[in-house]
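Below is one structure, written out as structure tokens; comments come after it.
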Amino acid sequence: MERAFLGMSHSPLMGLNPVAPAVERELQAAITMAREQVQAFAPELVVLVAPDHYNGFFNELMPPFCIGTQARSVGDYLTPPGQLNVDADAALALVARLMDEDFDIAVSRRMQVDHGFAQPLQLLWGGLDTPPVLPIFLNAVAQPGIPRLRRCRALGQAIGRFLDGEPRRTLLIGSGGLSHDPPVPTLSHPDAAVRERITARSEPTPAEREAKTQRVMAAGRALAAGDSSMKPLNPPWDRRWMDALAEGAAALDALCAIGEDSIEREAGLSGHESKSWLVARCALPIDRALPCTLRHYQAIPEYIAGFGLMLLKQPY
């Protein structure tokens with residue numbers, strides 16, 4: 001029943017947009033430390049909570065949460081394509097447990113995921129050859145079905161109760177956030193073709209995927225240059241979020257009481273991705289602070305990322 005929590009931002013622009021050498025060294029040193037600590041922990045099961053960016057889930061049917069019994073990475077940006085090493089039996093057992101606890105959950109037998117899922121696995125294990133994974137999708141972009149903070153905490157706690165009966169050493173990863181407001185389209189977009197692209201399930205052509213990559217790269221460069229209409233990164237908001245997850249109990253109560261609108265207003269539309277951290281963290285005891293063996297934060301506008309790393313361990 002030994003467990004650890006890793007909160008980890010992701011960015012599709014890592015390795016694409018250049019950053020200052022000192023920024024790159026600092027980031028890579030923190031990622032190396034996370035990788036070393038995860039390898040030392042030697043998880044036998046990985047519960048991975050992450051969002052999607054209209055590569056696997058679309059507005060034609062957008063669940064707040066979904067558990068995959070199989071998952072394939074599309075290989076967007078610089079992440080690897082291919083099948084994740086999903087533990088289908090564990091996924092189905094978790095679904096059954098959640099349903100028994102009156103927590104309705106969607107199930108995908110052929111989940112398609114993007115860099116939100118693949119990048120943390122790539123950074124920690126070098127690719128998709130990992131310990132068994134239990135993938136949990138969280139809708140972080142398609143309103144009005146983005147799950148509320150209290151519901152994210154409740155899901156994390158329910159996952160924790162399920163893991164009470166799991167003998168394997170388990171790492172829970174929350175992949176996403178922190179503050180960032182990338183050019184992800186919404187259904188309020190004036191272009192009908194764009195609205196259709198994020199509604200109907202489709203596979204982009206290589207040319208379309210490359211055009212998207214170039215658009216996002218340009219958006220990151222513009223943000224770094226101060227020439228962007230996107231919301232700037234918000235380091236104080238990011239640090240408050242990390243503080244709450246580290247402190248537990250009362251701090252988590254206060255976090256879950258903030259207004260949903262304030263997340264977009266202060267941290268950007270994709271600030272909702274930070275809820276992946278909340279789900280994963282709450283599968284560990286929340287009545288107290290837990291030992292923190294890694295905490296790192298950098299605001300990196302070239303990556304459109306308030307980039308955070310946090311590793312907490314449940315003592316036994």
Side-chain angles (χ1 to χ4, degrees), residues 1-6 8 38-39 41-52 55-57 61-75 79-122 124-139 147 151-176 275-285 313-314 316:
M1 295 193 303
E2 190 175 358
R3 287 175 226 166
F5 155 73
L6 175 64
M8 190 173 195
V38 166
Q39 297 295 339
F41 180 68
E44 299 164 296
L45 177 67
V46 177
V47 177
L48 175 54
V49 186
D52 178 69
N55 286 291
F57 291 85
L61 182 60
M62 181 66 73
F65 303 108
C66 184
I67 294 175
T69 63
Q70 184 183 94
R72 180 182 71 88
S73 166
V74 300
T79 60
Q83 294 292 326
L84 274 62
N85 181 26
V86 176
D87 186 333
D89 291 340
L92 288 172
L94 175 58
V95 169
R97 175 63 179 265
L98 292 174
M99 297 297 287
D100 287 344
E101 292 198 13
D102 300 326
F103 202 114
D104 298 334
I105 193 85
V107 183
S108 174
R109 304 289 182 153
R110 294 183 182 176
M111 185 182 284
Q112 186 161 284
V113 302
D114 64 11
H115 62 276
F117 283 81
Q119 189 175 80
L121 301 179
Q122 180 183 32
L124 295 171
W125 284 281
L128 303 181
D129 183 12
T130 70
V133 174
L134 204 166
I136 303 176
F137 160 78
L138 182 153
N139 170 27
R151 196 60 170 162
C152 292
R153 177 174 59 181
L155 176 60
Q157 290 177 289
I159 293 169
R161 290 190 292 274
F162 168 78
L163 292 174
D164 286 342
E166 171 59 65
R168 288 175 290 184
R169 197 164 41 254
T170 301
L171 175 67
L172 295 111
I173 301 175
S175 169
K275 293 173 178 176
S276 67
W277 289 39
L278 180 61
V279 173
R281 165 64 181 93
C282 289
L284 277 65
K313 291 185 179 179
Q314 178 176 344
Y316 281 91

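The basis for the numbers below is simple: all heavy atoms, side chains too, and nothing from hydrogens, waters or symmetry mates.
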**Request:** Report the C-alpha separation of Val86 and Gln70 in whole Å, then their side-chain angles, then the decisive distance to 0.1 Å, and conclude whether the side-chain contact (heavy atoms from CB on, under 4.5 Å) test is met.
**Result:** CA-CA 6 Å; Val86 176; Gln70 184 183 94; 5.5 Å; no
**Asked** With a 4.5 Å limit on heavy-atom distance, are the side chains of Glu2 and Phe41 in contact?
**Response** yes
**Closest heavy-atom pair and its distance - Gly68, Ala91** = O-CB, 3.5 Å
**Asked** So which heavy atom on Val38 is nearest to which on Pro43, and how close?
**Response** O-CD, 3.3 Å
**Asked** What closest approach, in Å, do Val74 and Gln112 show between heavy atoms, and which atom pair accounts for it?
**Response** CG1-CG, 3.2 Å
**Message:** Tell me every residue that passes salt bridge (Lys or Arg N to Asp or Glu O under 4.0 Å) with Asp164, counting only those two or more places apart in sequence or in another chain.
**Reply:** Arg3
**Prompt:** Side chain of Gln39, backbone of Trp125: donor and acceptor closer than 3.5 Å?
**Reply:** no
**Asked** Is there side-chain contact between Ile136 and Ile159, with at least one heavy-atom pair below 4.5 Å?
**Response** yes
**Item:** With sequence neighbours excluded, residues passing side-chain hydrogen bond (donor to acceptor under 3.5 Å, both in side chains) with Ser175
**Value:** His10
**Item:** Test ring pair (Phe, Tyr, Trp, His ring centres under 6.0 Å) applied to Phe5 - qualifying residues, sequence neighbours left out
**Value:** none
Which atom pairs, one a donor and one an acceptor, fall under 3.5 Å between side chains of residues 103-110 and the rest of the protein, sequence neighbours left out?
{"unit_1": "Ser108", "atom_1": "OG", "unit_2": "Arg110", "atom_2": "N", "d": "3.3"}
{"unit_1": "Ser108", "atom_1": "OG", "unit_2": "Met111", "atom_2": "N", "d": "2.9"}

**Asked** Between Thr69 and Val95, does a side-chain contact (heavy atoms from CB on, under 4.5 Å) hold up when you go through it step by step?
**Response** CA-CA 10 Å; Thr69 63; Val95 169; over 6 Å; no
**Item:** Results of side-chain hydrogen bond (donor to acceptor under 3.5 Å, both in side chains) for Asp87 - residues two or more places apart only
**Value:** Arg168
**Item:** side chain to side chain contact (heavy atoms under 4.5 Å, CB included) involving Gln157 - partner list, sequence neighbours excluded
**Value:** Arg153, Arg161, Cys282, Ile286
**Asked** For the residue pair Leu172 and Ala283, what are the closest heavy atoms and their distance?
**Response** CD2-CB, 3.4 Å
**Request:** Please list, chain by chain and in numerical order, all residues satisfying side-chain hydrogen bond (donor to acceptor under 3.5 Å, both in side chains) with Arg169, sequence neighbours excluded.
**Result:** none
**Item:** Pairwise side-chain contact, Pro135 with Val113, heavy-atom cut-off 4.5 Å (strictly under)
**Value:** no
**Message:** Within this structure, what is the NZ-CG distance for the pair Lys275 and Leu155, rounded to the nearest 0.5 Å?
**Reply:** 12.5 Å
**Asked** Would Leu124 and Leu6 count as a side-chain contact (heavy atoms from CB on, under 4.5 Å) if you check the C-alpha gap in whole Å, the side-chain angles of each, and the deciding distance to 0.1 Å?
**Response** CA-CA 11 Å; Leu124 295 171; Leu6 175 64; 3.7 Å; yes
**Prompt:** Do Thr170 and Leu134 have side chains that get closer than 4.5 Å, going by heavy atoms?
**Reply:** no
**Complete:** Applying side chain to side chain contact (heavy atoms under 4.5 Å, CB included) to Asn85 and not counting sequence neighbours gives Thr130, Pro132
**Message:** Pro64: which residues meet the side chain to side chain contact (heavy atoms under 4.5 Å, CB included) condition with it, sequence neighbours left out?
**Reply:** Pro147
**Note, Phe137 side chain near Asp52 side chain (heavy atom, < 4.5 Å)** = yes
**Asked** For the residue pair Ala118 and Thr79, what are the closest heavy atoms and their distance?
**Response** CB-CB, 3.9 Å
**Prompt:** Yes or no on side-chain contact (heavy atoms from CB on, under 4.5 Å) for Phe117 and Leu48, after CA distance, side-chain angles and deciding distance?
**Reply:** CA-CA 7 Å; Phe117 283 81; Leu48 175 54; 3.7 Å; yes
**Partner set under side-chain hydrogen bond (donor to acceptor under 3.5 Å, both in side chains) for Asp114, not counting sequence neighbours** = His53, Asn55
**Asked** What are the two closest heavy atoms between Asn139 and Pro63, and how far apart are they?
**Response** CB-O, 3.4 Å
**Request:** To the nearest 0.5 angstrom, please state how far the SG atom of Cys152 sits from the CZ atom of Arg281.
**Result:** 14.5 Å
